[in-house]
Amino acid sequence: MPAGRCGAAPVGYRGHVDLDVVEECPYRFRLERHGAMRVPGTVFASRDLLRDAGQSLRQVANVATLPGIVGASYAMPDIHWGYGFPIGGVAATDVAAGGVVSPGGVGFDISCGVRLLAADCDREALRPVLGAVMDDLGRAVPRGAGPGGVWRLDGTGELERVLRGGSRYAVERGYGVERDLLRCEDGGVVADADVDQVGPRARERGLGQVGSLGSGNHFLEVQAVTEVYDAHAAEAYGIAAGQVCVMIHCGSRGLGHQICSDHVRAMDRAMARYGIEVPDRQLACAPVDSPEGRAYAGAMAAAANYARANRQLLSDAARRVLRRRAGVRLDLVYDVSHNLAKAETYRVDGEPRRLCVHRKGATRAFPPGHPDLPGDLRDAGQPVLVPGTMSTASYVLAGVPGGDALHSACHGAGRVMSRHQAARTVTGAALRARLEDAGIAVRPLSMRGLAEEAPEAYKDVSAVVAASEGAGLCRRVARLEPLGVVKG
DNA sequence: ATGTTC
């Protein structure tokens, strides 16, 4: 979208970052091209959220120096500091023009993402058994640091079937139904996984964690729909006011982490050979069309399938509990990643180009009519699932037509406080008491972990969503609030 | 995020 369309004269804005930031129009700021930047930066945010972005704007500018980058180095309203790339960053490179792929543009938790399931009951019907349901979910959901998962694999042969098959393999083994796959990004499985690029340490770590939540901001929540903004889209997605839902947020555990580490090291060593210089070693990268680039892409796809199998297995665990304890059925609304690089085709200067689109802490948001959407979602657009915090709302959004941010939207509230700072601010016991007083049942594995994820450690997710909608990245469909939380 | 510092 050209700046002139906004109608307002650019307003000079100076935050505490030494960058030229220009407000192009409400919810859209430009980082002027300087030095080695090949493209400008584009940050979608309110003025308040831009202030919260702080030094991570420097990372937006750093990403703009990557070989082959097209359009701009983009940032979503929930931008915050990350490894090399900011979390909330979106960047696309032109594969045929020497464009690079960078593990830092995906993140350590490869294919971390969110899945939403809709129950065939409303919150009042569930209330009498909520405590028992939460107790059972607490027992059924492996979580926390280290090993433990729904599946215990015999050996690397079965791990390779997970790495190649993703959610589809879990469904083939009886952990879900065929319809689930229609409601997963990519049908639940990325085709180009190369298991030979998954190293021995990654395999070792992955073997014992298939079907586990992990820790940090990952969770499984029982939620209720508290508001519907778009009745047409909500109907297409299968959600309605008052309805119970289950939201799952998790990723590829130690396997994805190890793959990221291994391939960052390999690219760091290879960059000089390709004549690539970057302003930050954490931006280690290699041409997509190179041995190192292909190796990472193949390993990343394998980790993406691992994360998807993970979410499929935890969905099955939740379904068993809800059916047994409450006689409730769960239908999959959607499953989408917010940490991934994907090959997508866009018009650049009028010509269709194959791009490598990095989304790190940013959600793909395909508009209505996109050919990759299943038929029953094509009119409404792709569901975009945005988790908030354990005592605030989560949102279901929809992709919208237009916009130039590579069909991307926000992914969450975004941290404002470090884990350490959060744990100093509140004790786990006090937080748990506060949540229980508010009617939210909590099943934490660790009180320290609970405190680190205190709601006050995050930005206001409603402000993030309002800025995302205001910037034309997506539109609101429904708001959900937590009834019960399972945490690592 | 992460066998939470190879």
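Letters go in sequence order (proteins before strands), and every chain restarts at 1.
- Following rounding to the nearest Å, A:H420 (NE2) and B:dT4 (C1') show an atom-to-atom distance of 13 Å.
- Between A:R253 atom CZ and B:dT4 atom P the separation is 12 Å, expressed in whole Å.
- Counting to the nearest Å, the C1' atom of B:dT4 and the CG atom of A:L445 are 14 Å from each other.
- Contact of the A:V114 side chain with the A:D335 side chain is not registered, since no non-hydrogen atoms from C-beta on lie closer than 4.5 Å.
- The CG atom of A:L255 sits 12 Å away from the C1' atom of B:dT2 (whole-angstrom rounding).
- When the side-chain nitrogen and oxygen atoms of A:R419 are compared with OP1 and OP2 of B:dT4, none of them lie within a distance under 4.0 Å.
- At whole-Å resolution of the value, CZ in A:R143 and C1' in B:dT4 are 18 Å apart.
- The CG-P distance, from A:D109 to B:dT2, rounds to 6 Å in whole Å.
- Using a 4.0 Å heavy-atom distance criterion, A:G251 is classed as making no nucleic acid contact.
- Using a 4.0 Å heavy-atom cutoff across all strands shown, A:G107 reaches no nucleic acid atom at all.
- Between B:dT2 and A:S261, no contact under 4.0 Å exists linking OP1 or OP2 to a side-chain N or O.
- One interatomic measurement links the two molecules: CD of A:E453 to C1' of B:dT2, which rounds to 13 Å at whole-angstrom precision.
- Scored by the side chain to side chain contact (heavy atoms under 4.5 Å, CB included) test, A:D135 finds A:R139, A:R443 as partners (sequence neighbours excluded).
- Under the 4.0 Å criterion applied to side-chain N and carboxylate O atoms, A:R354 and A:E344 are not assigned as salt-bridge partners.
- At a cut-off of 3.5 Å, with distance as the only test, no side-chain donor of A:H411 or A:N339 sits close to an acceptor on the other residue.
- Within the nucleic acid shown, A:E452 has no heavy atom closer than 4.0 Å to any nucleic acid atom.
- Atom CG of A:N310 is separated from atom P of B:dT2 by 10 Å (rounded to the nearest Å).
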